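Have a look at the structure below before the remarks.
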Amino acid sequence: MHYLDHAATTDLRPEAADEWLRVARTTGNASSTHGAGQQARRILEESRERLAEVLDCDPIEVVLTSGGTESVNLAVQGLWRSRQAAADAVVLPDGEHHATLDTVAALAADGATVRPVRLDAVGRIPVGEFARAVAASGAALATALVANNEVGTLNDVAGLAGAAAAAAVPLHLDAVAALGHVPVSFRSWRGDAAAGAGLVALSVAGHKIGAPVGTGALVVARSARLSPLLHGGAQQRGLRSGTQDVAGAAAFARAAELAESERDAEAARLGTLRDQLVAGVLARVPAARLLGDPAPEGRLPGNAHLLFPGAPSESLLFLLDAAGISASAGSACQAGVAEPSHVVQALGRSEAEARSVIRFTLGRTSGDADVDAVLAVIGEAYERASGAAR
Ligand SMILES: Cc1ncc(COP(=O)(O)O)c(C=O)c1O
């Protein structure tokens with residue numbers, strides 16, 4: 001099997017699995033005051049400290065969640081609900097993940113206004129337009145991806161955070177696709193922004209870096225005001241009530257430390273593999289085009305997002321799958337119906353083009369054999385998929 005969909009989810013790291021099992025075997029609720037509870041509490045807080053070290057924030061700012069979707073919901077809904085009396089607009093770049101898009105759509109039903117920001121042709125948020133959108137009156141919050149999970153384009157995060165700080169608007173960053181691949185630093189991106197302004201919240205998910213599914217975190221600045229989604233025992237500064245998942249936290253911390261320590265070497269290795277994959281595909285399918293930023297330093301190292309004109313994504317995915325290759329169209333696929341990618345359309349591409357893309361994403365377990373497998377079949381797969389569509 002050649003797994004080239006690491007952006008969807010990646011292999012569980014054995015060290016994270018071991019840590020999970022070891023901690024899961026200990027009894028104790030981290031909120032209990034007896035010895036067993038205090039032992040759980042100690043492991044939990046150590047895990048929080050380890051995560052804070054990787055994310056470059058204070059441990060108290062790490063709010064553990066069930067994953068990326070929950071983190072994004074807590075940030076976007078929480079910020080909007082705490083500010084809606086004063087301001088109702090959400091600055092929303094095109095091409096965000098559905099966790100963000102659909103959360104904002106739900107808020108729109110409650111009275112939020114949506115202030116879109118168009119992407120440029122490589123999928124990057126233009127800082128100037130973003131700055132104008134946050135500075136216009138009535139902005140309750142802004143949100144943005146650190147790295148686009150489909151086309152892999154990296155944003156100018158310092159520029160976006162600076163614009164939000166200058167406008168005194170709170171900013172949420174979705175770093176789910178970025179963590180483990182490019183530097184993520186809450187403290188430096190936050191800078192010396194005033195209380196409650198600039199970068200105040202940052203989402204990450206464990207399963208993208210080799211921790212178990214069901215782990216994640218939202219970094220929430222001490223000064224941020226956020227309405228919680230979950231009410232109950234007031235754990236985690238009252239922002240996320242519920243008994244805390246100590247084993248999940250320990251496994252997430254272990255995976256994050258490993259991903260961070262391997263990051264530079266892996267980025268170089270995967271960047272080379274990615275370039276071989278892209279060059280090989282373009283040599284075999286001259287009509288194909290790389291989408292996103294063509295500059296290696298402007299995109300996620302393991303991301304190769306390609307347009308195959310005239311070849312439906314589903315047909316290509318089917319033919320690749322038959323050859324033992326798992327890739328994706330990078331778009332939500334519900335009830336078996338592939339949607340045209342909203343991200344590809346946000347780059348100015350047509351709906352037909354947005355239905356003719358494949359996202360190959362490399363990860364820790366990827367190697368030459370995976371690239372070779374794609375190159376062995378992609379030419380014929382394109383011929384068949386585009387021929388059948390004619
Ligand atoms: C950029 C981005 N944000 C949010 C999510 C949602 O994360 P989760 O699957 O952990 O809920 C994903 C998952 O693909 C993502 O890529």
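Atoms within each ligand, like the ligands themselves, are counted from 1 in listed order. Just so you know, these numbers use all the heavy atoms, side chains as well, and skip hydrogens, waters and symmetry mates. Given the structure is predicted, the values throughout are model-derived calculations rather than measurements.
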For ligand 1, which atoms sit closer than 4.0 Å to a heavy atom of [X]?
| X | result |
| --- | --- |
| Ala205 | 10 (O) |
| Asn149 | 1 (C), 16 (O) |
| Leu145 | 1 (C) |
| Thr69 | 6 (C), 7 (O), 8 (P), 11 (O) |

Item to complete: Give, for atom OG1 of Thr153 and atom CG of Leu119, the distance between the pair rounded to the nearest 0.5 Å.
Response: 8.5 Å
Worksheet item: If you measure from OG on Ser350 to CG on Leu307, what distance do you get to the nearest 0.5 Å?
Response: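 Nearest 0.5 Å value for the OG-CG distance: 8.0 Å.
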Please state which protein non-hydrogen atom is closest to [atom] and give its distance, to 0.1 Å?
| atom | result |
| --- | --- |
| atom 15 (C) of ligand 1 | His97 CD2, 3.3 Å |
| atom 7 (O) of ligand 1 | Gly68 CA, 3.4 Å |
| atom 9 (O) of ligand 1 | His207 NE2, 3.2 Å |

Worksheet item: Non-hydrogen atoms of Lys208 versus ligand 1: any pair closer than 4.0 Å?
Response: yes
Discussion item. If you count heavy atoms of other groups shown closer than 6.0 angstrom to CH2 of Trp20, is the number above 12?
Written reply: no
Discussion item. Are more than 12 heavy atoms, taken from residues, nucleotides or ligands other than Gln38, located less than 6.0 Å from that residue's CD atom?
Written reply: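 For Gln38, atom CD is crowded (more than 12 foreign heavy atoms under 6.0 Å).
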Item to complete: Using heavy-atom distances, let me know which of Val146, Thr65, Thr100, Asp174 sits nearest atom 4 (C) of ligand 1.
Response: Asp174
Thinking salt bridges, do [X] and [Y] make one under a 4.0 Å N-O criterion?
| X | Y | result |
| --- | --- | --- |
| Asp88 | Arg83 | no |
| Arg124 | Asp293 | yes |
| Arg50 | Glu257 | yes |

Worksheet item: Side chain or backbone of Thr9 under 4.0 Å from ligand 1, or both, or neither, by non-hydrogen atoms?
Response: neither
